[in-house]
Amino acid sequence: MKNLDELFNKIKFATILTTGRTGSDYLHGCLDNVPGILTFSGIIYYYDFCNHFKLDNFEKIEPLKILELFLEKNIHLFTQDSIENKTINLDIPKFKENFNLICDKKKLSRQKFLLAAYLAYHITLARKTDNIKLLVHHSHSVDETKSFLEDFKDSKLLVTIRDPRANLKSGIVNWSNYRKIEDQRHFLFYIKRIREDLKYAREQINEKFFLKLEEAGNLTIKKKLSNFLSIEFDPEINRATYAGKIWSGDKLSQFNSPDGKYNNRVVDNQWQSFFSKKDKLILNLIYKDYSSFGYKMERIDWIKIILIFFLIPLPFVFDKKIF
């Protein structure tokens with residue numbers, strides 16, 4: 001078992017940021033069983049957890065007390081997560097025991113507590129500790145990513161993206177079907193998120209890797225990702241697992257993958273026929289930055305911009321369902 005301080009000074013860090021329904025869970029799952037990587041069984045809203053329990057000064061609190069709160073807030077990461085379609089069933093007493101051994105009765109900073117939790121999880125799964133090179137955290141949202149990059153300043157940033165129109169359709173249709181959401185606030189949230197989260201990612205000075213969902217199963221891309229993370233390419237990166245168990249996709253997904261491998265059916269979700277011509281015209285303007293990633297966006301000249309000004313008050317296809 002590695003000394004925590006030694007590991008903290010040696011290990012590299014990376015975090016995953018999504019821009020909507022873009023395959024961030026698939027990416028995370030592909031890194032789960034790759035040798036040399038510390039991961040967890042899902043998204044950890046770590047800074048939300050810290051704020052929720054007002055953990056302003058970790059060094060003044062017994063690590064095991066913080067761990068109990070961590071388990072209370074994130075029990076789904078150790079047992080079962082229905083929406084993410086995962087059954088973990090981790091040996092929690094063994095996890096606590098491993099965490100205690102790692103801490104060695106020492107108080108921990110906020111950064112080292114997170115590393116200790118990852119390492120204890122790793123050891124509880126009986127994974128090797130002598131080859132650890134990288135911790136991959138799934139921060140998921142912009143707010144969580146901001147906080148993570150403040151704590152781990154030299155982290156690499158993994159950003160999952162997708163054709164923004166396919167992304168928007170997936171976010172609206174899949175969530176609406178799952179939770180029967182027909183709320184314009186939800187629609188607006190998704191429209192903004194797809195644009196604003198990409199904007200945030202591009203502004204960061206950290207090393208970045210943008211993974212397009214449409215290319216996420218490409219072997220060459222997986223090798224480039226391995227090189228970016230400075231890890232040896234391993235075939236395990238070609239299938240999504242959590243705690244070593246095959247992950248077929250979340251409950252929102254229309255298409256699942258029983259073997260955890262990339263599912264080509266996610267590439268075309270027929271967004272072209274879902275949106276009206278008016279919708280697509282406006283979306284091409286809103287999401288014009290995506291053209292730099294090779295997505296074909298209709299060029300919007302000044303005449304069309306004037307036209308869009310008058311079209312904006314008219315409802316989108318998905319708005320009409322509410323009306």
Side-chain angles (χ1 to χ4, degrees), residues 16-30 83-85 140 158-179 181-182 186-198 201 209-225 237-240 246-300 315-321:
I16 300 172
L17 169 68
T18 189
T19 55
R21 296 279 300 167
T22 56
S24 62
D25 289 314
Y26 171 75
L27 168 60
H28 185 178
C30 286
I83 190 171
E84 293 293 343
N85 206 19
H140 201 69
L158 304 174
V159 187
T160 55
I161 62 174
R162 182 184 192 177
D163 186 299
R165 297 150 299 189
N167 188 353
L168 181 60
K169 183 198 171 185
S170 180
I172 289 171
V173 172
N174 291 337
W175 273 111
S176 296
N177 290 341
Y178 183 77
R179 287 186 176 167
I181 296 174
E182 291 186 351
H186 173 75
F187 300 158
L188 179 60
F189 164 78
Y190 247 90
I191 290 171
K192 290 177 63 178
R193 178 185 197 178
I194 294 167
R195 184 184 71 173
E196 297 303 315
D197 289 13
L198 179 70
F209 189 98
F210 290 90
L211 180 66
K212 298 167 70 172
L213 178 62
E214 296 85 353
E215 298 176 349
N218 186 290
L219 185 61
T220 300
I221 298 297
K222 292 283 180 65
K223 289 180 177 179
K224 287 181 179 179
L225 174 61
I237 203 171
N238 289 315
R239 63 177 190 144
I246 292 294
W247 182 70
S248 60
D250 62 27
K251 287 289 180 66
L252 277 71
S253 299
Q254 294 180 338
F255 308 112
N256 288 325
S257 175
D259 58 4
K261 293 182 180 179
Y262 180 76
N263 193 331
N264 283 307
R265 287 183 293 178
V266 303
V267 174
D268 181 13
N269 69 351
Q270 300 180 342
W271 63 265
Q272 295 92 337
S273 58
F274 178 77
F275 295 111
S276 68
K277 288 184 178 180
K278 185 272 299 183
D279 291 351
K280 285 183 272 192
L281 185 63
I282 295 174
L283 294 175
N284 283 337
L285 178 61
I286 293 173
Y287 299 134
K288 58 184 174 57
D289 289 349
Y290 278 84
S291 62
S292 62
F293 294 96
Y295 294 111
K296 294 180 180 179
M297 315 295 289
E298 180 185 354
R299 183 176 172 274
I300 307 297
F316 281 81
V317 164
F318 42 86
D319 287 320
K320 291 177 182 178
K321 285 188 176 182

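Values in this document were obtained by computation on a predicted structure and should not be read as measured data.
Here the straight-line distance linking atom CZ of R162 with atom CG of L168 works out to 10.5 Å at 0.5 Å rounding. In this structure, OG on S276 lies 7.5 Å from CD1 on I282, to the nearest 0.5 angstrom. Taking CZ from F275 and CG from L281, the interatomic distance works out to 13.5 Å, rounded to the nearest 0.5 Å. Distance check: K169 NZ to Q272 CD gives 9.0 Å after rounding to the nearest 0.5 Å. Taken from CG in L158 to CG in L211, the straight-line distance is 8.5 Å, to the nearest 0.5 Å.
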Determine whether I161 and L198 satisfy the following criterion, side chain to side chain contact (heavy atoms under 4.5 Å, CB included), listing intermediate values before the conclusion.
CA-CA 8 Å; I161 62 174; L198 179 70; 4.0 Å; yes
E84 and K251: side chain to side chain contact (heavy atoms under 4.5 Å, CB included), yes or no, with the steps?
CA-CA 6 Å; E84 293 293 343; K251 287 289 180 66; over 6 Å; no
How far apart are the C-alpha atoms of I191 and F318, what are their side-chain angles, what is the distance that settles it, and do they pass the side chain to side chain contact (heavy atoms under 4.5 Å, CB included) test?
CA-CA 12 Å; I191 290 171; F318 42 86; 4.0 Å; yes
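Closest approach of D259 and I246 over heavy atoms only: O-CD1, 3.4 Å. For the residue pair W271 and A166, the shortest heavy atom distance occurs at CD1-CB, 3.6 Å. Of all non-hydrogen atoms in Y262 and V267, the two that sit nearest each other are OH-CG2, 3.3 Å. Taking all atoms of both residues into account, the shortest heavy-atom contact from I172 to H186 is CA-NE2, 4.4 Å. Across every non-hydrogen atom of A201 and L17, the tightest pair is CB-CD2, 3.9 Å. Pairing each heavy atom of S24 with each of I16, the nearest pair is CB-CG2, 3.9 Å.
Taking the centre and axis of the six-membered ring of Y26, the NZ or CZ atom of K261 falls outside the cone set by 45° and 6.0 Å. A cation-pi geometry, defined here as NZ or CZ lying under 6.0 Å from the six-membered ring centre and within 45° of its normal, holds between K278 and F316.
Scanning for ring pair (Phe, Tyr, Trp, His ring centres under 6.0 Å) contacts around Y290 gives an empty result, with sequence neighbours left out. In this structure, the side chain to side chain donor-acceptor pair (under 3.5 Å) partners of R193, at least two apart in sequence or on a different chain, are D197. Evaluation of the side-chain contact (heavy atoms from CB on, under 4.5 Å) rule for T220 yields N218, K224 as partners, not counting sequence neighbours. By the side-chain contact (heavy atoms from CB on, under 4.5 Å) test, S291 pairs with M297, sequence neighbours left out. With sequence neighbours excluded, no residue forms a ring pair (Phe, Tyr, Trp, His ring centres under 6.0 Å) with Y287. With sequence neighbours excluded, the residues satisfying ring pair (Phe, Tyr, Trp, His ring centres under 6.0 Å) with F209 are F228.
Looking at R21 and D250, a side-chain N of the basic residue comes within less than 4.0 Å of a carboxylate O on the acidic one, giving a salt bridge.
No side-chain heavy atom of C30 sits less than 4.5 Å from a side-chain heavy atom of R239. Contact annotation: the side chain of L27 never approaches that of T18 to less than 4.5 Å [non-hydrogen atoms, C-beta and beyond]. I221 has its side chain out of reach of K223: every pair of non-hydrogen atoms, C-beta onward, lies at least 4.5 Å apart. Between L188 and K192, the closest side-chain pair of non-hydrogen atoms falls below 4.5 Å.
Between the side chains of S170 and N167, not a single donor N or O lies within less than 3.5 Å of an accepting N or O. Residues S253 and N256 have side chains that never bring a donor and an acceptor to within less than 3.5 angstrom of each other.
The aromatic rings of F293 and F210 are tilted relative to each other, their planes meeting at an angle between 30° and 60°.
Distance alone, capped at 3.5 Å, is enough to place a donor-acceptor pair between the K222 side chain and the I237 backbone. Of the possible polar contacts, none joining the N85 side chain to the W247 backbone as a donor-acceptor pair under 3.5 Å is found. Of the possible donor and acceptor atoms, one in the side chain of D163 sits under 3.5 Å from a partner among the backbone N and O of R165.
Within a 6.0 Å sphere centred on NZ of K280, heavy atoms belonging to other residues, nucleotides or ligands number more than 12.
With T160 as reference, T22 is the one residue of D25, T19, T22 to meet the side chain to side chain donor-acceptor pair (under 3.5 Å) rule.
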